[in-house]
There are 2 protein chains.
Amino acid sequence: MARAATTSDVFNAIAEPQRREILVLLRAGERPVTELAQALGMTQPGASKHLRVLRKVGLVRDRKAGKQRLYGLDARQLRAVHEWTGGFEGFWNESFDRLDAYVQGLKQARQKE
Amino acid sequence: MARAATTSDVFNAIAEPQRREILVLLRAGERPVTELAQALGMTQPGASKHLRVLRKVGLVRDRKAGKQRLYGLDARQLRAVHEWTGGFEGFWNESFDRLDAYVQGLKQARQKE
DNA sequence: GCATCATATGCCGATATAGGCATATGTCAA
DNA sequence: TTGACATATGCCTATATCGGCATATGATGC
């Protein structure tokens, strides 16, 4: 079944590195498509498609400004991701300590595949 | 070019809902593959494949325990995601306020497509 | 209307994915 | 060794994805 549609899931939407880049760029303020495309070194249709995904998920909103269409950040959905990962906060320290020993013993045995 | 390999990017690895579920389950402690498969209502090979992805990214580690192989959480990588989304923390409140007005005006116009 | 600029869509191809199923590998115990 | 159990791999199919390219839609100004 391939994978859940990128347009329905924020996690999936930000799985694409270029889309993450777009979000970062938009932190500096609203931008038209062309400018984003240029900044990321991709084609205009390419940028439009990524923005479409981001828009469907709600990470981005657009606004007409003359001939242009300005895209702006809507980070509310990112909060969900932040909170989900936050649910593991106790673990990214704890697991480190508690499991350190056996990680050592594991090091050479696996590592591959 | 399809998409970046799920095995090289944490964002991609957690883009899969069932893999996220696995991580959540592992918060309760180490678990063998079969138990995870059962808990998630998927086949054993299915669970093994997801675990393989999670292992390659480093979100999970395994340990032999008799016949079984226990999988345990290694949440360190999730910290990166947490911090990346945290970089938008100022925006998921601010954007709400600042853009509220035009969101209203937008509501009926788009919404679809 | 028409020309121009800005953006979106459609179609294509290459690739990756997830899931199902059979089967291989691995590990223990007798 | 053999058998039983646990897990991993391989092969297959259906589907999604991203990127490129051409082109359609949209908006502006003349």
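Letters A, B, ... mirror the listed sequences (proteins, then strands); counts begin at 1.
Listed for the A/Arg27 side chain is a donor-acceptor partner under 3.5 Å among the backbone atoms of B/Gly87. In terms of modelled atom types and a separation under 3.5 Å, the side chain of B/His82 and the main chain of A/His82 share a donor-acceptor contact.
In this structure, the CG atom of A/Asp62 is 7 Å from the P atom of C/dA8, given to the nearest Å. With rounding to whole Å, B/Gln68 atom CD is found 19 Å from D/dA4 atom P. Atoms CZ (B/Arg69) and C1' (D/dT9) sit 13 Å apart, rounded to a whole Å. Nucleotide D/dT17 holds its P atom 17 Å from the CZ atom of A/Phe11, rounded to whole Å. Atom P of nucleotide D/dT17 and atom CD of B/Glu16 are separated by 12 Å, given to the nearest angstrom. Whole-Å rounding puts the B/Leu70 CG to D/dA8 P distance at 11 Å. B/Lys56 has its NZ atom 12 Å from the P atom of C/dA16, to the nearest Å. Rounded to whole Å, the distance from CG on A/Leu54 to C1' on D/dC18 is 14 Å.
Residue A/Gln18 has a polar side-chain atom (N or O) positioned under 4.0 Å from OP1 or OP2 of D/dG19. Contact annotation: B/Arg52 side-chain N/O to D/dA8 OP1/OP2 distance is not under 4.0 Å. For D/dA27, one of the phosphate oxygens OP1 or OP2 lies less than 4.0 angstrom from a side-chain nitrogen or oxygen of A/Lys64. Remark: A/Tyr71 is in phosphate contact with C/dA8, judged by side-chain N or O atoms under 4.0 Å from OP1 or OP2.
Closest-nucleotide positions on DNA chain C for A/Ser48 and A/Lys67 were compared, and the one nearer the 5' end corresponds to A/Lys67. Residue whose closest nucleotide on DNA chain D sits further toward the 5' end, between A/His50 and B/Ala47: B/Ala47.
A side-chain donor-acceptor contact under 3.5 Å links A/Gln44 and A/Ser48. B/Arg63 and B/Tyr71 form no side-chain donor-acceptor contact under 3.5 Å, judged by distance and modelled atom types alone.
Taking the six-membered ring where the residue is Trp, A/Phe11 and A/Trp84 present perpendicular rings, their angle passing 60° and hence far from 30°.
Between A/Ile14 and A/Leu78, the closest side-chain pair of non-hydrogen atoms falls below 4.5 Å.
The listed nucleotides are D/dA8, D/dC18, D/dA6; the one nearest the side chain of B/Arg55 is D/dA8. You'll find that the side chain of B/Lys49 is closest to D/dC11, out of D/dC11, D/dC5, C/dC5. Side-chain proximity of A/Val33 to the nucleotides C/dT7, C/dG19, C/dA6 is greatest for C/dT7.
Between A/Arg20 and B/Asp9, at least one side-chain nitrogen of the basic residue sits less than 4.0 Å from a carboxylate oxygen of the acidic one, meeting the salt-bridge criterion.
Heavy-atom distances under 4.0 Å link DNA chain D to B/Gln44, B/Pro45 of residues 37-46 of chain B, given in residue order.
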